[in-house]
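To keep things clear, I will list the structure first and then write my remarks on it.
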Amino acid sequence: MSQSYNPKVIEPKWQKTWLDEKAFAATNDFTKPKFYALVEFPYPSGQGLHVGHPRPYTALDIVSRKRRMQGYNVLYPMGWDAFGLPTENFAIKNKIHPRLVTKNNVARFKEQLQSLGFSFDWDREINTTDPNYYHWTQWIFLKLFNAGLAYKTEMPINWCTSCKVGLANEEVVNGVCERCGAPVVRKVKSQWMLKITEYADKLIDDLDGVDYIERVKVSQKNWIGRSEGAEVDFTLAGKDEKLTVYTTRPDTLFGVTYMVMSPEHPYIDKFKADIKNYDEIMAYRDEAAKKSDFERSELAKDKTGVCIDGLTAVNPVTGKEIPIWISDYVLMTYGTGAIMAVPAHDSRDWEFAKKFNMPIIEVVAGGRDVQEEVFEAKTGTMVNSDFLNGMDFATAKRTMIDYLEEKGIGRSKKNFKLRDWVFSRQRYWGEPIPIIHCDKCGYVPLKEEDLPLVLPEVESYMPTDNGESPLAAMEDWVNVKCPCCGGPAKRETDTMPQWAGSSWYFLRYTDPDNDNALASPEALKYWMPVDWYNGGMEHTTLHLLYSRFWHKFLYDQGIVPCAEPYSKRTSHGMILGSNGEKMSKSRGNVVNPDDVVNEFGADTLRTYEMFIGAFDLAASWSEEGVKGCRRFLERVWKLQDMIVDGEGFSEELEVKMHQTIKKVSSDFEAMKFNTAIAAMMSLVNDFYKAGRITKAEFKTFIILLNPVAPHITEELWNIAGFEGRLYNAQWPEHDDDKTVEATIKLVAQINGKTRAVIDAPADIDKDSAIALAKEAVSARLTGTIIKEIYVPGKLVNIVMK
RNA sequence: GCGGAUGUGGCGGAAUGGUAGACGCAGCAGACUCAAAAUCUGCCGGGGGCGACUCCGUGAGGGUUCGAGUCCCUCUAUCCGCACCA
């Protein structure tokens, strides 16, 4: 009899062995077929690992382990995305240096990850806060700066009143700071920006060439928000100046009955002298400025506005004079900050027109009465539109744009929702921006040989009340000589956002110790692109977009060998508490992975998280489900007592063995881990029914299970005395001919309803099958047979009237 | 409002257009045990029938098909993004 299954002993033992033997180190043999699997590196928070982390890590661990056994040179790395606010806030509160906080958190995370038996290549571990790493983050920034893609500008930023830090749009959720929940207000500051908008088209178009799950592509496209339309110049009545608007519906130009400018539009000041109700307009502008973006959209339904008295525009196609309004439903940050209003065919304009009694002119026929209901559909026929009359939407749009361009009063134009990336943070715990400001020479980049610009030690990490970074107080560090003219100059004191380090980390894994380049061209050429990248849906519009942008830039610079960083992107579902709600301390439904490992073992946790349900859907935690998986592993453990001698697979299980090899192999690749495990459970049930297992069956089975439960299977391999290590074993292959049973269950249906199931030889021909089926259901064959359908190997359907 | 996803037993979930409910959990029964736990074996959607059987059943309603959980249309509920982007 075997000893009892004790994961507490065998799991640490094998974890140590794998490390000692460098079992999962990727080799630099660039002639072997490669497989680069990537999971998002974690932010090492003070809370430690969450049960959500192992789900994606186990998934790609399974694929990586399988691919290694299939002969691939696999790179499956791990590292730490360690700059960031929570660490800094913790450091401030507890008066510990963020470097030490990070060190402690990383140590804890690493221990936890190792206790789960992931086959990460720990020789390639990286840390974004390591100067040898952020050396190259800064280097990329210099490249961006020198290419004109990094610039500094005064702009209103989202200012968190609690963190005292500027936030990217993406970090503001429902008007509050994503991290701390405090209100976010607008504040004008000089900020470093990255021109991600320069790559907006490529970021959309190149999605066609990559294998991302559809919802990721859709989200990225929506976030970038490309729209194609035209700019149209409206002359201001009695002036030479023009008011330019952006529209996606130039076809409706004949239906324009008024115009609207954003309250912040510069024309309000420019034409102050002409505007008779200037005070009223200014009052409206102040009112709008007081509202946060959130409040503006909260009040979206109820339109407000003021008509400008003394300034009107001329519709360039009708020649009619029309009023200009200001309203906060028009945003200064999109298009030109002004719109032409077509109330008949735009719901916002329609609401506004109804409220302020502006005329509504139908120019697209096909809807109901436009005085009663807006008609926005891009179908129907143009009316009341002179030379466009009778055309459909597409023709009218094209014709109008041609007309505008010919007359020089408009032009075809694309617009994007995507904005440039606000790249500075007034914080300590981030990469210093390697720029020096000289009054004479302007912004001067550091020389490459002066990198890394190391984050200096400061006494206090508190951001200052005036919104400067803590680095600003360090005069010794700040005041330097200009590298250009030698005169007095100051260092940039803002640091980079957390997204910086994660925008290129997958490149560093290919050659993590390189001191001369971010990675060698050879390593990049061999390993890139990442073959399979799995991560959370929450990173679809931020990290994924930012890193694609940087990669495309590096590609244009000739530094990386491919235009896209990731060939394939998948996403995992969240793990919810047992009550079906998101796990959180306040809800009291948090499960700690350490506890699960202690009580049941890492293999049980891994098996459970893969068995819990479809990988891409959210799943609720169940303690009973965990126990069930432990029970399964116990049954696997006891197979060792049922081993019998003999060559090959037993006759009764041969088909099932081949079927299982086939199913497990393909299900792992398709991320259908739950059904792969179900198939292995079913096979174990069959071994128990047989009461024995042959040596070949045992060996094959533990190889199949190994990627899911690596420790128990490695131990069983060792106990059974198989040669070498299981992690080095060869993945089994199935024989398609042997996945088919000699006899089948032939289903006999009448009018699609099953009436009998008959045993029949697998290779039965159509006529015999139909004859057999008819015999089985003869009692029911009372009507006229119209049709007989035979699905080979499956069923006969007799259609009867 | 727009976009995306989901809806199948008591529960988690399976089903290339071909026997709906694999596998697991919970439950029930039996074996083992002085007993319990653990383990092993069997049963396990609902109605009707002693029974061989039979009818109903995949959120609702239509449709396509010899045949629909699966494909098409309409609706509904829940979840997740985005939100005046002209």
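Residue numbers start from 1 in every chain, and the chains themselves are labelled A, B, ... in the order their sequence lines are given, proteins ahead of strands.
Taking the centre and axis of the six-membered ring of A/Phe687, the NZ or CZ atom of A/Arg692 falls outside the cone set by 45° and 6.0 Å. Relative to the ring axis of A/Phe352, A/Lys303 does not place its NZ or CZ within 45° and under 6.0 Å from the centre.
Atom pair A/Ile326:CD1 and B/A86:P shows a separation of 22 Å (rounding to whole Å applied). Between the NZ atom of A/Lys638 and the C1' atom of B/C40 there is a distance of 8 Å, rounded to whole Å. When rounded to the nearest whole Å, the span between NZ of A/Lys656 and P of B/A22 equals 13 Å. In this entry the distance linking CG of A/Leu545 with P of B/G81 reads 18 Å, nearest Å. A/Asp667 places its CG atom 14 Å from the C1' atom of B/G13, with the value rounded to the nearest Å. In this structure, CG of A/Asn685 is placed 14 Å from C1' of B/U39, rounded to the nearest angstrom. Rounded to a whole Å, the NZ atom of A/Lys582 is 20 Å from the P atom of B/U78. For A/Met642 and B/U39, the CE to C1' distance is 13 Å, given to the nearest whole Å.
Contacts of A/Ile786 with the nucleic acid, taken as non-hydrogen atoms under 4.0 Å apart, are absent. Here A/Lys745 lies in heavy-atom contact (under 4.0 Å) with a base. Heavy atoms of A/Arg635 sit under 4.0 angstrom from primed sugar atoms or phosphate atoms, though from no base atom. In this structure, A/Val218 reaches the sugar-phosphate backbone alone: every heavy-atom distance under 4.0 Å involves primed, P, OP1 or OP2 atoms, never a base. Using a 4.0 Å heavy-atom cutoff across all strands shown, A/Lys672 reaches sugar-phosphate atoms only and no base atom. No engagement by A/Arg630 is indicated, since no non-hydrogen atom pair under 4.0 Å with the nucleic acid exists. Within 4.0 Å (heavy atoms only), A/Thr248 reaches sugar-phosphate atoms of the nucleic acid but no base atom. Across all strands shown, A/Gly628 has heavy atoms under 4.0 Å from sugar-phosphate atoms exclusively, and none from any base. Using a 4.0 Å heavy-atom distance criterion, A/Thr540 is classed as making no nucleic acid contact.
For A/Asn222, the listed nucleotide lying nearest its side chain is B/G3; candidates were B/G3, B/G24, B/A86. Closest contact between the side chain of A/Thr675 and the listed nucleotides B/A14, B/G4, B/A20 involves B/A14. Closest to the A/Tyr688 side chain, of the nucleotides B/A86, B/U41, B/A14, is B/U41. Counting only heavy atoms from C-beta on, A/Lys303 has its side chain closest to B/C84 among B/U19, B/U39, B/C84. Side-chain proximity of A/Val757 to the nucleotides B/U19, B/U39, B/U6 is greatest for B/U19. Side-chain atoms of A/Asn674 lie closest to B/A14 of the nucleotides B/A5, B/A86, B/A14. Listed nucleotides: B/A14, B/G18, B/G3. Nearest to the side chain of A/Ala614: B/A14. The A/Lys794 side chain lies nearest to B/G18 when the options are B/U6, B/G18, B/U19.
A donor-acceptor contact closer than 3.5 angstrom links the side chains of A/Asp667 and A/Thr675. With 3.5 Å as the limit, one finds a donor-acceptor pair spanning the side chains of A/Ser768 and A/Asp765. A donor-acceptor contact closer than 3.5 angstrom is absent between the side chains of A/Asn415 and A/Arg226.
Listed by first and then second residue, the side-chain hydrogen bond (donor to acceptor under 3.5 Å, both in side chains) pairs that reach into residues 784-800 of chain A are A/Lys774-A/Glu788, sequence neighbours excluded.
B/A31 and B/G69: their C1' atoms are spaced 39 Å apart (whole Å). Only the C1' atoms considered, B/U8 is 10 Å distant from B/A14, to the nearest whole Å. Comparing B/G21 with B/C44, their C1' atoms sit 12 Å apart, to the nearest whole Å. Comparing the same atom, C1', in B/A26 and in B/A77 gives a spacing of 27 Å after rounding to whole Å. Comparing B/C11 with B/G27, their P atoms sit 15 Å apart, to the nearest whole Å. The same atom, P, is picked in B/C25 and in B/A20; the two are 26 Å apart, to the nearest Å. Distance noted for atom P between B/G18 and B/G4: 27 Å (whole Å). The same atom, C1', is picked in B/U58 and in B/U19; the two are 15 Å apart, to the nearest Å.
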Intra- and inter-strand pairs of RNA chain B in dot-bracket (Watson-Crick or G-U wobble, both distances under 3.5 Å; | for another strand): (((((((..(((.....[....))).(((((.......))))).((((....))))..(((((..]....))))))))))))....
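Contact annotation: A/Ser622 side-chain N/O to B/C11 OP1/OP2 distance is not under 4.0 Å. Taking only side-chain nitrogens and oxygens, A/Arg755 never comes nearer than 4.0 Å to OP1 or OP2 of B/U19.
Annotation: A/Lys766, atom NZ; neighbour count of heavy atoms from other residues, nucleotides and ligands within 6.0 Å does not exceed 12.
Annotation: the span from A/Ser666 atom OG to A/His734 atom NE2 amounts to 8.0 Å, rounded to 0.5 Å.
Looking at every heavy atom in both residues, A/Pro250 comes nearest to A/Ala230 through CG-CB, 4.1 Å.
Among residues two or more places apart in sequence or in another chain, the salt bridge (charged side-chain N to carboxylate O under 4.0 Å, His left out) test is passed with A/Lys413 by none. Residues that satisfy the side chain to side chain donor-acceptor pair (under 3.5 Å) test with A/Glu623, not counting sequence neighbours, are absent from this structure. A/Ala760 pairs by the side chain to side chain contact (heavy atoms under 4.5 Å, CB included) definition with A/Ile744, A/Leu746, A/Ile764, A/Leu772, not counting sequence neighbours.
Looking at heavy atoms from C-beta onward, A/Gln220 lies out of side-chain contact with A/Ile204 at the 4.5 angstrom threshold.
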Under 4.0 Å protein heavy-atom contact, by nucleotide of nucleotides 64-77 of chain B - B base, S sugar-phosphate only: --BS----------
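Comparing A/Asp349 and A/Phe611 along RNA chain B, the residue whose closest nucleotide (by nearest heavy atom) sits nearer the 5' end is A/Phe611. Residue A/Arg215 is the one, among A/Arg215 and A/Asp346, whose nearest nucleotide of RNA chain B lies closer to the 5' end (criterion: closest heavy atom).
With a glycosidic angle more than 90° from 0, B/G61 adopts the anti conformation.
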